[in-house]
Number of protein chains: 2
Amino acid sequence: MSRPLDHLDIKILRLLQENATHSVADIASKVGLSSTPCWKRIQRLQMDGVITGRVALVDQEKIGLGLSVFVFIEAGEQTKEWQASFATTLRGMPEVVEVYRLAGDYDYVLRVVVADMKSFDRFYRRLIKTTELKNVTSRFAMEKIKAITALPVVPPPPQATP
Amino acid sequence: MSRPLDHLDIKILRLLQENATHSVADIASKVGLSSTPCWKRIQRLQMDGVITGRVALVDQEKIGLGLSVFVFIEAGEQTKEWQASFATTLRGMPEVVEVYRLAGDYDYVLRVVVADMKSFDRFYRRLIKTTELKNVTSRFAMEKIKAITALPVVPPPPQATP
DNA sequence: GTTGAAAGAAACCGATC
DNA sequence: GATCGGTTTCTTTCAAC
């Protein structure tokens, strides 16, 4: 990270995380800057990898993917190789949209997005066939209460100056 | 939904979900269409609410949010009112980026994004102070293996025509 | 940081085949 | 659906302050 974010960067990130269709001039006026420096800041945020991309979001229901399932998994083995191979497998499965390795009694959580129970069953069979797993528990989402892509950008805590 | 998605819509959605910075002309040539009809399809997908927005994605680590925590919750009460009030509370908390109501032994999963353990503790105290909860279990993410916003757009299964 | 300007690219939208 | 054309808006860059 080349430079810590200042207040203006934070404002820019908040706006772009909510809506990336605004023009640079729009954003500039909202953060209280003129277009040129605002454009340069956005460029820099992209070059620095703070902004990783711009994407369109799609309504899950509207494309027929009515079911979200959280799958909790205990690893088959506790080795680096097993972990790497499992990660590769999951990255190749498009219905798996989130995977975190956890501390605690489960090793992994997945969020899986499918059309219905039948599709999930097909996914599930494919998953357990591909990899040796010790335990798999699936919990079905009844309702999506909240799902945002905007992260809470906050100023970094003041550094102690020794 | 006014019209089912055809193969071209699906291709467009796949491209825009990966990268929304492509020009219409780009997308058009990739899906094998000319600009105008491609532009009209994108407009329609937006009007129909299939595309819900375009956002910038931000690197969680780069803005100092090093910790993701999954919080599992058993509801304090099983009433509509409790559910609604709990949902409102969570929607007002920016560090809570995902909330699903689940079937099974836990009623809710949250994904919470914070800078560190200290910040999480502050969040946790705020959460349990605000709402009466029967049980709260926090599981910490050690590693983000995968997190994509692109949903697996698939053609709808052929309808039975009776 | 600011303003202003200017080239090129895109979005937008109608008309026509 | 394709192609054309034209208006408008935005991006991007470069000056000068």
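The figures here come from the full heavy-atom set of this structure, side chains too, leaving out hydrogens, waters and symmetry mates. Keep in mind that this is a model prediction, so the values were computed, not measured. Chain letters run A, B, ... following the sequence lines, proteins first and then strands; every chain starts at 1.
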5'-most by nearest nucleotide on DNA chain D - T36(B) or L8(B): L8(B)
Selection residues 81-94 of chain A - residue pairs positive for side chain to side chain donor-acceptor pair (under 3.5 Å), sequence neighbours left out: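 Side chain to side chain donor-acceptor pair (under 3.5 Å) check on residues 81-94 of chain A returns no pairs.
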Selection residues 27-40 of chain B - residue pairs positive for side chain to side chain donor-acceptor pair (under 3.5 Å), sequence neighbours left out: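 Qualifying pairs, neighbours excluded: none.
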Under 3.5 Å donor-acceptor, K62(A) side chain and D48(B) backbone: yes
Between [X] ([atom1]) and [N] ([atom2]), how many Å, whole number?
X      : N       : atom1 : atom2 : result
L33(A) : dG1(C)  : CG    : C1'   : 8 Å
K40(B) : dC13(C) : NZ    : P     : 11 Å
R41(B) : dC12(C) : CZ    : P     : 18 Å
H7(B)  : dG1(D)  : NE2   : C1'   : 16 Å

Other ILVMFWY residues reachable from F70(A) by side-chain steps of under 4.5 Å: F72(A), Y100(A), L102(A), Y106(A), V109(A), F70(B), F72(B), Y100(B), L102(B), Y106(B), V109(B)
Can you give me the N/O atom pairs linking the protein to nucleotides 8-12 of chain D at distances under 3.5 Å, or say none if there are none?
residue	atom	partner	partner atom	Å
dT11(D)	OP1	V24(A)	N	3.4
dT11(D)	OP2	V24(A)	N	2.8
dT12(D)	OP2	W39(A)	NE1	3.0

Secondary structure of DNA chain D in dot-bracket form (Watson-Crick or G-U wobble, distances below 3.5 Å, | marking inter-strand pairs): |||||.|||||||||||
What distance do [X] atom [atom1] and [Y] atom [atom2] have between them, rounded to the nearest 0.5 Å?
X      : Y      : atom1 : atom2 : result
S68(A) : E95(A) : OG    : CD    : 12.5 Å
I73(B) : F86(B) : CD1   : CZ    : 4.0 Å
Q60(B) : L65(B) : CD    : CG    : 6.0 Å

side-chain hydrogen bond (donor to acceptor under 3.5 Å, both in side chains) against E98(B), all qualifying residues, sequence neighbours excluded: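 With sequence neighbours excluded, E98(B) shows a side-chain hydrogen bond (donor to acceptor under 3.5 Å, both in side chains) to R111(A), R111(B), given in chain and number order.
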